[in-house]
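Step one of this worksheet: look at the structure below.
We use all heavy atoms of the structure for the numbers below, so side chains are in, but hydrogens, waters and symmetry mates are not. Bear in mind the structure is a predicted one, so any value in this text is a computation, not a measurement.
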Amino acid sequence: MVGCAGSFPGPDAAASGYLVQAEGPDERTGATRTWTVLMDLGNGALGPLQRLADPTALDAIAVSHLHSDHVADLVVLNVLRRYRPGGPCPPVAVHAPEGAAERLALMAGKDPATEVSGQFAFRTWEPGVPVVVGPLTFVPVAVEHPVPAFGFRVTGPSDHDAARTVTLAYTGDTDECPGLTELADGVDLLLAEAAYLEGRDDGLRGVHLTGRRAGLAAAAGGAGRLVLTHIPAWNDPEETLAEARAAYAGPLDLARTGDVHVL
(Lines give C-alpha, C1' and ligand atoms only; values in the text may rest on other atoms or scores of the structure.)
Protein backbone atom coordinates (compact mmCIF):
# COMPACT_ATOMS: atom_id res chain seq x y z
CA MET A 1 0.00 0.00 0.00
CA VAL A 2 1.47 3.34 -1.09
CA GLY A 3 -1.38 5.65 -0.08
CA CYS A 4 -4.80 4.84 1.32
CA ALA A 5 -6.40 8.09 2.53
CA GLY A 6 -9.72 9.09 1.02
CA SER A 7 -10.34 12.23 -1.04
CA PHE A 8 -7.27 14.05 0.33
CA PRO A 9 -4.04 13.08 2.15
CA GLY A 10 -4.51 12.39 5.84
CA PRO A 11 -2.08 13.03 8.71
CA ASP A 12 -0.81 9.45 8.51
CA ALA A 13 -1.33 8.51 4.86
CA ALA A 14 -1.11 9.87 1.36
CA ALA A 15 -4.04 9.71 -1.03
CA SER A 16 -4.64 6.64 -3.18
CA GLY A 17 -1.71 4.66 -4.56
CA TYR A 18 -1.13 0.90 -4.75
CA LEU A 19 1.52 -1.41 -6.17
CA VAL A 20 0.88 -4.78 -7.79
CA GLN A 21 3.93 -6.98 -8.27
CA ALA A 22 4.53 -10.48 -9.63
CA GLU A 23 7.45 -12.60 -10.72
CA GLY A 24 7.57 -13.54 -14.40
CA PRO A 25 9.83 -13.91 -17.44
CA ASP A 26 11.05 -10.92 -19.39
CA GLU A 27 10.61 -11.64 -23.11
CA ARG A 28 13.55 -9.42 -23.99
CA THR A 29 16.08 -11.15 -21.75
CA GLY A 30 14.47 -14.48 -20.93
CA ALA A 31 15.25 -13.89 -17.26
CA THR A 32 12.66 -13.95 -14.51
CA ARG A 33 12.18 -10.62 -12.77
CA THR A 34 9.73 -8.67 -10.65
CA TRP A 35 7.10 -6.83 -12.68
CA THR A 36 5.62 -3.72 -11.06
CA VAL A 37 2.39 -1.89 -11.91
CA LEU A 38 1.31 1.24 -10.06
CA MET A 39 -2.43 1.71 -9.55
CA ASP A 40 -3.25 5.41 -9.07
CA LEU A 41 -0.96 8.05 -7.55
CA GLY A 42 -2.87 10.68 -5.61
CA ASN A 43 -1.74 13.68 -3.58
CA GLY A 44 1.39 12.95 -1.55
CA ALA A 45 1.78 9.36 -2.74
CA LEU A 46 5.07 9.86 -4.60
CA GLY A 47 6.88 10.16 -1.24
CA PRO A 48 6.01 6.68 0.10
CA LEU A 49 6.28 5.21 -3.40
CA GLN A 50 10.01 5.93 -3.28
CA ARG A 51 10.33 3.84 -0.12
CA LEU A 52 8.48 0.89 -1.61
CA ALA A 53 9.60 0.72 -5.25
CA ASP A 54 11.77 2.42 -7.86
CA PRO A 55 9.58 5.07 -9.58
CA THR A 56 11.92 4.99 -12.59
CA ALA A 57 11.39 1.25 -13.15
CA LEU A 58 7.61 0.94 -13.36
CA ASP A 59 6.29 -1.41 -16.03
CA ALA A 60 2.92 0.34 -16.33
CA ILE A 61 0.55 2.69 -14.51
CA ALA A 62 -3.17 1.92 -14.17
CA VAL A 63 -5.41 4.90 -13.41
CA SER A 64 -8.92 4.29 -12.11
CA HIS A 65 -10.26 7.82 -12.69
CA LEU A 66 -9.08 11.39 -13.01
CA HIS A 67 -9.90 12.97 -9.64
CA SER A 68 -6.85 14.60 -8.05
CA ASP A 69 -6.70 12.24 -5.09
CA HIS A 70 -5.95 9.47 -7.60
CA VAL A 71 -3.70 11.24 -10.16
CA ALA A 72 -2.20 14.45 -8.76
CA ASP A 73 1.27 13.06 -8.02
CA LEU A 74 1.67 11.77 -11.56
CA VAL A 75 2.63 15.35 -12.38
CA VAL A 76 5.60 15.25 -10.00
CA LEU A 77 6.40 11.64 -10.90
CA ASN A 78 6.98 13.09 -14.38
CA VAL A 79 9.49 15.54 -12.87
CA LEU A 80 11.34 12.77 -11.02
CA ARG A 81 11.55 10.57 -14.12
CA ARG A 82 12.42 13.41 -16.49
CA TYR A 83 15.15 15.16 -14.50
CA ARG A 84 16.91 12.31 -12.68
CA PRO A 85 20.72 12.65 -12.90
CA GLY A 86 20.98 9.62 -15.18
CA GLY A 87 18.83 11.25 -17.85
CA PRO A 88 15.15 10.92 -18.72
CA CYS A 89 13.42 7.57 -18.35
CA PRO A 90 11.77 5.93 -21.35
CA PRO A 91 8.01 6.64 -21.45
CA VAL A 92 5.89 4.33 -19.29
CA ALA A 93 2.43 3.22 -20.44
CA VAL A 94 -0.38 4.94 -18.54
CA HIS A 95 -3.71 3.15 -18.93
CA ALA A 96 -6.48 5.54 -17.95
CA PRO A 97 -9.94 6.84 -18.78
CA GLU A 98 -10.28 9.06 -21.82
CA GLY A 99 -8.92 12.56 -21.30
CA ALA A 100 -6.03 11.62 -19.02
CA ALA A 101 -3.38 13.40 -21.09
CA GLU A 102 -5.40 16.62 -21.12
CA ARG A 103 -6.16 16.38 -17.39
CA LEU A 104 -2.51 16.00 -16.42
CA ALA A 105 -1.49 18.76 -18.82
CA LEU A 106 -3.89 21.13 -17.06
CA MET A 107 -2.48 20.16 -13.68
CA ALA A 108 1.11 20.54 -14.88
CA GLY A 109 0.48 24.04 -16.24
CA LYS A 110 2.00 25.84 -19.22
CA ASP A 111 5.67 25.66 -18.19
CA PRO A 112 7.44 23.47 -20.76
CA ALA A 113 9.67 22.19 -17.95
CA THR A 114 6.73 20.27 -16.42
CA GLU A 115 5.14 19.02 -19.65
CA VAL A 116 4.22 15.34 -19.21
CA SER A 117 3.99 13.76 -22.67
CA GLY A 118 7.65 12.74 -22.79
CA GLN A 119 7.35 10.47 -19.77
CA PHE A 120 3.88 8.99 -20.19
CA ALA A 121 2.47 7.00 -23.12
CA PHE A 122 -1.27 7.29 -22.62
CA ARG A 123 -3.62 4.41 -23.42
CA THR A 124 -7.40 4.59 -23.01
CA TRP A 125 -9.19 1.80 -21.15
CA GLU A 126 -11.81 -0.15 -23.06
CA PRO A 127 -14.24 -1.84 -20.64
CA GLY A 128 -13.65 -5.57 -20.47
CA VAL A 129 -10.62 -5.51 -22.78
CA PRO A 130 -7.60 -7.07 -21.02
CA VAL A 131 -4.24 -5.32 -20.74
CA VAL A 132 -1.29 -7.65 -20.24
CA VAL A 133 1.83 -6.47 -18.38
CA GLY A 134 4.29 -9.34 -18.07
CA PRO A 135 2.62 -12.03 -15.94
CA LEU A 136 -0.20 -9.69 -14.89
CA THR A 137 -3.50 -9.21 -16.72
CA PHE A 138 -5.66 -6.18 -15.95
CA VAL A 139 -9.33 -6.17 -16.93
CA PRO A 140 -10.97 -2.74 -16.53
CA VAL A 141 -14.55 -2.75 -15.27
CA ALA A 142 -16.70 0.38 -15.50
CA VAL A 143 -18.08 1.48 -12.11
CA GLU A 144 -20.38 4.23 -10.80
CA HIS A 145 -18.81 7.58 -9.92
CA PRO A 146 -19.47 11.20 -10.97
CA VAL A 147 -16.71 10.97 -13.60
CA PRO A 148 -15.78 8.04 -15.88
CA ALA A 149 -14.23 5.47 -13.54
CA PHE A 150 -12.96 1.91 -13.57
CA GLY A 151 -12.13 -0.82 -11.15
CA PHE A 152 -9.64 -3.54 -12.10
CA ARG A 153 -9.59 -7.31 -11.90
CA VAL A 154 -5.92 -8.28 -11.85
CA THR A 155 -4.84 -11.89 -12.38
CA GLY A 156 -1.36 -13.30 -12.04
CA PRO A 157 0.71 -16.10 -10.56
CA SER A 158 0.46 -16.86 -6.85
CA ASP A 159 3.51 -15.91 -4.83
CA HIS A 160 3.18 -19.26 -3.05
CA ASP A 161 2.71 -21.39 -6.18
CA ALA A 162 3.58 -19.91 -9.58
CA ALA A 163 1.44 -22.56 -11.30
CA ARG A 164 -1.68 -21.22 -9.58
CA THR A 165 -3.47 -18.09 -10.78
CA VAL A 166 -4.82 -15.60 -8.23
CA THR A 167 -7.05 -12.56 -8.65
CA LEU A 168 -7.03 -9.17 -6.98
CA ALA A 169 -9.84 -6.69 -7.55
CA TYR A 170 -9.52 -2.96 -6.89
CA THR A 171 -12.78 -1.02 -6.88
CA GLY A 172 -11.39 2.45 -7.43
CA ASP A 173 -14.13 4.86 -6.33
CA THR A 174 -17.68 3.60 -6.81
CA ASP A 175 -21.08 3.03 -5.29
CA GLU A 176 -23.02 -0.23 -5.60
CA CYS A 177 -23.40 -1.08 -9.28
CA PRO A 178 -23.12 -4.05 -11.66
CA GLY A 179 -19.43 -3.32 -12.07
CA LEU A 180 -18.83 -3.76 -8.34
CA THR A 181 -20.59 -7.12 -8.46
CA GLU A 182 -18.35 -8.17 -11.36
CA LEU A 183 -15.21 -7.02 -9.59
CA ALA A 184 -15.95 -8.92 -6.38
CA ASP A 185 -16.94 -12.21 -7.99
CA GLY A 186 -14.67 -15.00 -6.76
CA VAL A 187 -11.60 -12.85 -6.13
CA ASP A 188 -8.87 -13.80 -3.72
CA LEU A 189 -8.63 -10.23 -2.41
CA LEU A 190 -11.02 -7.32 -2.81
CA LEU A 191 -9.43 -3.91 -2.24
CA ALA A 192 -12.51 -1.75 -1.75
CA GLU A 193 -12.91 1.92 -1.06
CA ALA A 194 -15.20 2.76 1.86
CA ALA A 195 -15.30 6.54 2.15
CA TYR A 196 -18.85 6.90 3.48
CA LEU A 197 -20.56 5.91 6.72
CA GLU A 198 -23.98 4.36 7.14
CA GLY A 199 -26.52 6.82 8.53
CA ARG A 200 -24.40 9.94 8.06
CA ASP A 201 -24.04 9.67 4.28
CA ASP A 202 -27.23 7.85 3.26
CA GLY A 203 -28.33 10.68 0.97
CA LEU A 204 -25.10 10.66 -1.00
CA ARG A 205 -25.42 7.91 -3.60
CA GLY A 206 -23.56 7.25 -6.83
CA VAL A 207 -20.20 8.32 -5.40
CA HIS A 208 -18.70 6.04 -2.72
CA LEU A 209 -19.19 2.85 -0.76
CA THR A 210 -19.66 2.47 2.97
CA GLY A 211 -17.98 -0.26 4.94
CA ARG A 212 -21.27 -2.12 4.97
CA ARG A 213 -21.73 -1.91 1.20
CA ALA A 214 -18.14 -3.04 0.63
CA GLY A 215 -18.74 -5.94 2.99
CA LEU A 216 -21.95 -6.93 1.25
CA ALA A 217 -20.16 -6.95 -2.13
CA ALA A 218 -17.35 -9.09 -0.75
CA ALA A 219 -19.80 -11.54 0.84
CA ALA A 220 -21.98 -11.82 -2.26
CA GLY A 221 -18.96 -12.38 -4.49
CA GLY A 222 -17.31 -14.90 -2.21
CA ALA A 223 -14.15 -12.81 -1.93
CA GLY A 224 -11.39 -14.57 -0.04
CA ARG A 225 -10.24 -11.41 1.74
CA LEU A 226 -11.47 -7.80 2.04
CA VAL A 227 -9.20 -4.80 2.54
CA LEU A 228 -10.86 -1.40 3.11
CA THR A 229 -9.19 1.73 1.80
CA HIS A 230 -9.86 5.39 0.81
CA ILE A 231 -11.09 6.30 4.30
CA PRO A 232 -11.08 10.09 4.89
CA ALA A 233 -9.29 11.50 7.92
CA TRP A 234 -12.59 12.71 9.40
CA ASN A 235 -13.91 9.13 9.63
CA ASP A 236 -13.17 6.67 12.42
CA PRO A 237 -11.62 3.67 10.60
CA GLU A 238 -12.85 1.34 13.35
CA GLU A 239 -16.44 2.35 12.60
CA THR A 240 -15.89 1.53 8.92
CA LEU A 241 -14.32 -1.78 9.90
CA ALA A 242 -17.27 -2.64 12.14
CA GLU A 243 -19.74 -1.89 9.34
CA ALA A 244 -17.90 -4.26 7.02
CA ARG A 245 -17.51 -6.94 9.66
CA ALA A 246 -21.27 -7.02 10.19
CA ALA A 247 -21.76 -7.86 6.50
CA TYR A 248 -18.70 -9.99 5.70
CA ALA A 249 -17.42 -12.93 7.75
CA GLY A 250 -14.10 -13.48 5.96
CA PRO A 251 -10.62 -12.08 6.64
CA LEU A 252 -10.89 -8.30 6.90
CA ASP A 253 -8.26 -5.54 7.14
CA LEU A 254 -7.86 -1.79 6.94
CA ALA A 255 -5.34 -0.59 4.34
CA ARG A 256 -2.23 0.92 5.90
CA THR A 257 0.76 2.52 4.20
CA GLY A 258 3.49 -0.04 3.67
CA ASP A 259 1.25 -3.07 4.12
CA VAL A 260 1.93 -6.01 1.79
CA HIS A 261 -0.74 -8.59 0.99
CA VAL A 262 0.71 -11.76 -0.53
CA LEU A 263 -1.57 -13.98 -2.62
Side-chain angles (χ1 to χ4, degrees), residues 1-20 36-126 131 133 138 140 142-143 145-152 170 172-174 193 195 207-208 229-234 257:
M1 303 293 174
V2 177
C4 49
S7 301
F8 53 89
D12 301 312
S16 292
Y18 312 93
L19 289 169
V20 180
T36 300
V37 179
L38 175 65
M39 299 193 304
D40 290 344
L41 195 68
N43 316 63
L46 180 57
L49 174 62
Q50 293 170 79
R51 295 197 300 269
L52 300 171
D54 181 354
T56 69
L58 300 171
D59 293 296
I61 299 172
V63 174
S64 65
H65 66 289
L66 300 179
H67 280 155
S68 294
D69 60 318
H70 291 256
V71 300
D73 267 25
L74 289 176
V75 174
V76 285
L77 174 62
N78 160 68
V79 173
L80 183 155
R81 292 172 56 90
R82 184 173 175 182
Y83 294 107
R84 64 174 183 162
C89 298
V92 61
V94 177
H95 301 274
E98 186 174 1
E102 294 80 4
R103 171 69 165 150
L104 291 184
L106 286 171
M107 296 176 71
K110 297 181 179 179
D111 183 354
T114 57
E115 193 270 333
V116 300
S117 65
Q119 280 302 312
F120 300 140
F122 293 97
R123 308 284 186 268
T124 300
W125 292 121
E126 296 183 38
V131 171
V133 183
F138 284 71
V143 293
H145 202 52
V147 298
F150 295 88
F152 313 129
Y170 168 48
D173 287 2
T174 184
E193 70 100 339
V207 185
H208 289 299
T229 191
H230 201 272
I231 298 173
W234 53 52
T257 301

Inset, instruction - Please list, chain by chain and in numerical order, all residues satisfying ring-ring contact (aromatic ring centres under 6.0 Å, His included) with His95, sequence neighbours excluded. - result: Trp125
Inset, instruction - For Gln50 and Leu46, indicate whether the former's side chain and the latter's backbone hold a donor-acceptor pair under 3.5 Å. - result: yes
Inset, instruction - Without swapping roles, check the side chain of Arg82 against the backbone of Ala113 for a donor-acceptor pair under 3.5 Å. - result: yes
Inset, instruction - For residues Ala62 and Phe152, report the shortest heavy-atom separation together with the two atoms involved. - result: CB-CE1, 3.8 Å
Legend entry - Under 3.5 Å: donor-acceptor pair, side chain of Asp73, backbone of Gly44: yes
Legend entry - Side-chain H-bond candidate by donor/acceptor type, His67 with His145, under 3.5 Å: yes
Legend entry - Separation between CZ of Phe150 and OG1 of Thr174, rounded to the nearest 0.5 Å: 11.5 Å
Inset, instruction - Measure from the side-chain N and O atoms of Asp59 to the backbone N and O of Val133, and report whether any donor-acceptor pair falls under 3.5 Å. - result: no
Inset, instruction - Kindly indicate whether the side chain of Leu41, heavy atoms from C-beta on, has any atom under 4.5 Å from the side chain of Val71. - result: no
Inset, instruction - To the nearest 0.5 Å, tell me how far Ser7 OG sits from His208 NE2. - result: 4.5 Å
Inset, instruction - Check whether any side-chain N or O of Arg81 sits under 3.5 Å from a backbone N or O of Pro90 as a donor-acceptor pair, and report yes or no. - result: yes
Inset, instruction - Answer whether the closest heavy-atom distance between the side chains of Ser64 and Tyr170 falls below 4.5 Å. - result: yes
Legend entry - Gap between atom CD1 of Ile61 and atom CZ of Phe122 - 0.5 Å precision: 8.5 Å
Which side-chain N or O atoms in residues 97-108 pair as donor and acceptor under 3.5 Å with protein atoms at least two apart or in another chain?
{"residue": "Arg103", "atom": "NE", "partner": "Leu66", "partner atom": "O", "Å": "2.9"}
{"residue": "Arg103", "atom": "NH2", "partner": "Leu66", "partner atom": "O", "Å": "3.4"}
{"residue": "Arg103", "atom": "NH2", "partner": "Ser68", "partner atom": "OG", "Å": "3.1"}

Legend entry - Min side-chain heavy-atom separation Asp173-Val207 under 4.5 Å: no
Inset, instruction - Identify, with sequence neighbours excluded, every residue that meets side chain to side chain donor-acceptor pair (under 3.5 Å) alongside Asp12. - result: none
Legend entry - Partner residues of Asp69 under the side chain to side chain donor-acceptor pair (under 3.5 Å) criterion, sequence neighbours left out: His230
Inset, instruction - Return the minimal non-hydrogen interatomic distance between Thr114 and Gly109, and the atom names on each side. - result: OG1-O, 4.5 Å
Legend entry - Spacing of Leu52 atom CG and Thr257 atom OG1 [to the nearest 0.5 Å]: 8.5 Å
Inset, instruction - Would you give the length of the straight line joining atom CG of Leu77 to atom CG of Leu38, rounded to the nearest 0.5 angstrom? - result: 7.5 Å
Inset, instruction - For the residue pair Thr229 and Tyr18, confirm or rule out a side-chain donor-acceptor distance under 3.5 Å. - result: yes
Legend entry - Gap separating the CZ atom of Phe8 from the CH2 atom of Trp234, nearest 0.5 angstrom: 4.5 Å
Inset, instruction - Heavy atoms only: give me the nearest Ala13-Ala5 pair and the separation to one decimal. - result: O-CB, 3.7 Å
Inset, instruction - Ignoring hydrogens and angles, tell me if any N or O in the side chain of Gln119 forms a donor-acceptor pair with the backbone of Cys89 under 3.5 Å. - result: yes
Legend entry - Test side chain to side chain contact (heavy atoms under 4.5 Å, CB included) applied to Glu126 - qualifying residues, sequence neighbours left out: Val129
Legend entry - His70 and Val63, any side-chain heavy atoms less than 4.5 Å apart: no
Legend entry - Thr36: side chain to side chain donor-acceptor pair (under 3.5 Å) partners, not counting sequence neighbours: Gln21
Legend entry - Residue pair Leu19, Val2: steps toward the side chain to side chain contact (heavy atoms under 4.5 Å, CB included) verdict: CA-CA 7 Å; Leu19 289 169; Val2 177; 3.8 Å; yes
